[in-house]
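Note that the coordinates shown come from a computational prediction; the quantities given were computed from them, not determined experimentally. Order of the sequence lines sets the chain letters (A, B, ...), proteins ahead of strands, with each chain counted from 1.
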2 protein chains.
Amino acid sequence: MKKRITIKDIAKVLNVHHSTVSRALRNDPRVNAKTRDTVLAYAREHEYQTNMNAVQLRGTSNNAIALIVPNINHSFFADIISQLTNLAYNKGYVISVFQSNEKYQQEKEIVNTIIQHNFAGVIVSIAKDTINSDHFALLKKFGIPLVFFDRVCEDIFTPKVKVNNYEITANATEYLIKKGYSNIAHFTGTTSINVFRERQNGYVDILQKYGMEYVQPIVIEEDFSVEIGKIIFSRLWNFSVKPDAIISSSVHVSTGILLEARKYGIKIPEDLGLITFGSLLSSEIIEPQITYIEQPELEIAAIAFDLLEKMIKKEIQIGELIERQVQAEIIFKKSC
Amino acid sequence: MKKRITIKDIAKVLNVHHSTVSRALRNDPRVNAKTRDTVLAYAREHEYQTNMNAVQLRGTSNNAIALIVPNINHSFFADIISQLTNLAYNKGYVISVFQSNEKYQQEKEIVNTIIQHNFAGVIVSIAKDTINSDHFALLKKFGIPLVFFDRVCEDIFTPKVKVNNYEITANATEYLIKKGYSNIAHFTGTTSINVFRERQNGYVDILQKYGMEYVQPIVIEEDFSVEIGKIIFSRLWNFSVKPDAIISSSVHVSTGILLEARKYGIKIPEDLGLITFGSLLSSEIIEPQITYIEQPELEIAAIAFDLLEKMIKKEIQIGELIERQVQAEIIFKKSC
DNA sequence: TTGAAAAATACAAACGTGTGCAAAGATAAT
DNA sequence: ATTATCTTTGCACACGTTTGTATTTTTCAA
């Protein structure tokens, strides 16, 4: 293990000043072509690697973008991460992914790390736990570009990419009503998050519009999982009035519902209709195929990245409130 | 947007030298308790954030760990990322995740970025594309701790966490034989990767041991996907001799196989047996439930992290070859 | 009250890079 | 040959921290 070579080392060997080496490496026109080539050749041969800490300390460029998501092993986020990574790569940026684990405390610490390491920008979908947005305000205060997607902080002025959750859930609910279902339940997440609040509002508003009495917003405060889906469904099913349809905010929970429903011998779509947000890799194989709501992950990623890049390039001011909405879509199958 | 505060700023205001501030912030016993408290209070109030670039340039600590995976949106890797992130968080480290996209070129650039930013250590599962290991050798040369998991570089001496691919595939093949299947095909990835090569060897060796004639290692060079699964299966099915069982290295490919099989009216397990590596979130719902090989993601993550941490703490030397093997397990269901 | 020891603080240098400015060297025009 | 212009290189400082050493201040004992 040898000590890493620096521009000063190169300068010493080639008998030039290190500033010349610096310029040569960065293709500054102010350096002679011949010396530039000599420097580049030497640098390549000795595997010179820029020390980005020095560069960033100096206050020059930085191409590192941070991405904070609640869960990496959730296909919605995994798809967005994957797409963002590709977009960034093509534009010369590098994405570092951080997982908040749905925890406010972890999210806060991640934000601190991001500030301390001087990232060029941040793309965030907040944790369920996040009740306070001071850490994001801090990010703004330090002049770090910030873009929210999907789960956003309402009280922070910055670009945001949102899904038409209210509308799509209203549409899904109305679809179920028109199919003849009358006891429609809604399984969703904590209403402190815009996503789940909007879905719930869309659901409730339609039921009220149709004068339906059976309104069951089931708020799952725990992390979405197959297990919790089983438990919650089982609990609901033992009520006096059972639902005849469910809209579920999570594929994990929906899977739990399906398994539990099978245990009880409940037939889908006859005894129970089901619409779920997000699709399963194997959704086509399941009988009956489940009607689901597809969110445009690729589009979300593309817009979020575009907005962030514009902020980094100062084409969008920090603190500017821009809201972009993308359209989710109901993919009609056989579960209702 | 205000300029960020530094220790020198604090020092100036409190009429002390900045070195005193530095020590106060780090709880150095050499600073008076009263001044320490004053400094800490002022720092907290004015939201002081350490500039890690300066710290790292100075050559002091660094708690950033890099993780390179081929694909984030693949449940095997997503689970490992998720787990590693938690382990790291509990030990005071921060994980940055990078996606190589199965591309050698991207992987190389990621490694350069890691070197340039002075990460404390790297955990890697290599891209299918990776034929050359020079970039990892470079990492070692720069003294950066490196641990491989699952897909490893055979010619780099460093800690590695591997799965018993040979053995488990041999077992799966033998199981199929004993179940009465005689034309067993094997769908796997490029054999330049240890994982797929070992699986193939396990498969071939058992068939030869039993003197089976029908040996069909189908090497999929493309990225695993439902679509490619359909195509490859369809192609194979139109051969004169059809397989009566398949071992598949990817759930995505298996899904394609199942869909295509259904299209042809093939019955599982009667007409076709199937064992797949990795499980689907919804695997319990599918009829028939698919027998699959479960890999201990949590254990892999735990061992990899432990090894890396020991390297960072110099308890393990850089360049030391340590191979840990974890056991995959066949989860018997109804598909064969 | 003095001196020595201990505690607290200040000083200075270093990490590797980038950049404005000055200086030197080369080229061209008169 | 002399001056003006352009090209190329060198110099020095700055970015924010940490740390060994020197210096000042405080404490305490004789």
Side-chain angles (χ1 to χ4, degrees), chain A residues 2-40 42-43 46-64 112-113 115-120 142-143, chain B residues 2-40 42-43 46-64 112-113 115-120 142-143:
Chain A
K2 58 175 184 189
K3 194 175 158 302
R4 69 191 287 166
I5 190 177
T6 72
I7 56 172
K8 286 192 179 176
D9 296 331
I10 299 179
K12 205 174 293 174
V13 175
L14 301 184
N15 270 317
V16 290
H17 197 261
H18 73 266
S19 60
T20 303
V21 176
S22 170
R23 286 191 250 264
L25 289 170
R26 305 179 62 247
N27 285 318
D28 190 309
R30 281 173 50 188
V31 61
N32 185 306
K34 211 177 73 193
T35 55
R36 169 166 48 74
D37 292 347
T38 317
V39 169
L40 288 179
Y42 189 91
H46 291 77
E47 290 161 333
Y48 167 77
Q49 293 275 1
T50 311
N51 185 331
M52 289 305 282
N53 289 314
V55 176
Q56 290 181 31
L57 177 58
R58 185 86 204 342
T60 330
S61 75
N62 183 350
N63 66 336
N112 278 340
T113 303
I115 294 173
Q116 290 169 1
H117 284 82
N118 292 96
F119 276 81
F142 282 139
Chain B
K2 58 173 186 191
K3 193 176 158 299
R4 69 190 286 167
I5 190 178
T6 71
I7 54 172
K8 286 192 180 177
D9 297 331
I10 299 179
K12 207 174 292 172
V13 175
L14 301 185
N15 271 316
V16 290
H17 198 261
H18 70 269
S19 59
T20 303
V21 175
S22 171
R23 286 191 245 265
L25 289 169
R26 306 177 63 245
N27 285 317
D28 189 308
R30 280 174 50 187
V31 60
N32 185 307
K34 211 178 72 189
T35 56
R36 169 167 46 75
D37 292 347
T38 318
V39 168
L40 288 178
Y42 189 92
H46 291 77
E47 289 160 335
Y48 167 77
Q49 293 276 0
T50 312
N51 186 330
M52 289 306 283
N53 289 315
V55 176
Q56 290 181 33
L57 176 58
R58 186 86 206 337
T60 329
S61 74
N62 185 349
N63 65 336
N112 278 340
T113 303
I115 294 173
Q116 290 169 3
H117 284 81
N118 292 95
F119 276 81
F142 281 138

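- Expressed to the nearest 0.5 Å, how far CZ of A:Arg23 lies from OG1 of A:Thr35 amounts to 11.0 Å.
- One can place NZ of A:Lys12 at 13 Å from C1' of C:dG16, the figure rounded to the nearest angstrom.
- Under 4.0 angstrom from either OP1 or OP2 of C:dG16 there lies no side-chain N or O belonging to A:Tyr48.
- When the nucleotides C:dA22, C:dT17, D:dT17 are ranked by their closest atom to the side chain of A:Arg30, C:dA22 comes out on top.
- Listed pair A:Thr35 / D:dT9 meets the phosphate criterion, a side-chain N or O lying under 4.0 Å from OP1 or OP2.
- With rounding to whole Å, A:Gln56 atom CD is found 11 Å from C:dG18 atom P.
- Per the geometry, NZ belonging to B:Lys34 stands 10 Å off P belonging to D:dT27, to the nearest Å.
- Closest to the side chain of A:Arg26, from the set D:dT21, C:dG16, C:dG18, is C:dG18.
- Panel note: side chain A:Asp37, backbone A:Lys34; no donor-acceptor pair is recorded below 3.5 Å.
- In this structure, B:Asn51 places its CG atom 18 Å from P of C:dC15, rounding to the nearest Å.
- Across all strands shown, A:Arg23 has heavy atoms under 4.0 Å from base atoms, whether or not it also approaches the sugar-phosphate.
- B:Thr6 comes within 4.0 angstrom of the backbone, heavy atoms only, and of no base.
- With hydrogens and angles ignored, no donor-acceptor pair under 3.5 angstrom links the side chain of A:Arg36 to the base of D:dT7.
- In the set C:dA12, C:dT19, D:dA12, C:dA12 carries the atom at the smallest distance from any side-chain atom of B:Ser19.
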**Request:** Apply side-chain contact (heavy atoms from CB on, under 4.5 Å) to A:Asn32 and A:Thr20, showing your working.
**Result:** CA-CA 9 Å; A:Asn32 185 306; A:Thr20 303; over 6 Å; no

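- Of the side-chain N and O atoms in B:Thr20, none sit less than 4.0 angstrom from OP1 or OP2 of C:dT9.
- Applying the 3.5 Å distance criterion, the base of C:dG18 shares a donor-acceptor pair with the side chain of A:His18.
- The side chain of B:Val16 lies closest to C:dA10 when the candidates are D:dT18, C:dA10, C:dG16.
- When side chains are defined from C-beta on, B:Val21 does not count as touching B:Leu14, because their heavy atoms never get closer than 4.5 Å.
- Across all strands shown, A:Asn15 has heavy atoms under 4.0 Å from sugar-phosphate atoms exclusively, and none from any base.
- Atom C1' of nucleotide C:dT17 and atom CZ of A:Arg4 are separated by 12 Å, given to the nearest angstrom.
- Atom CZ of B:Arg58 and atom C1' of C:dA13 are 9 Å apart (whole Å).
- With rounding to whole Å, A:Asn32 atom CG is found 13 Å from D:dC6 atom C1'.
- Taking atom NE2 of A:His17 as the reference point, atom C1' of C:dG16 lies 13 Å away to the nearest angstrom.
- Taking CG of A:Asn118 as the start and CG of A:Asn53 as the end, the distance is 9.5 Å to the nearest 0.5 Å.
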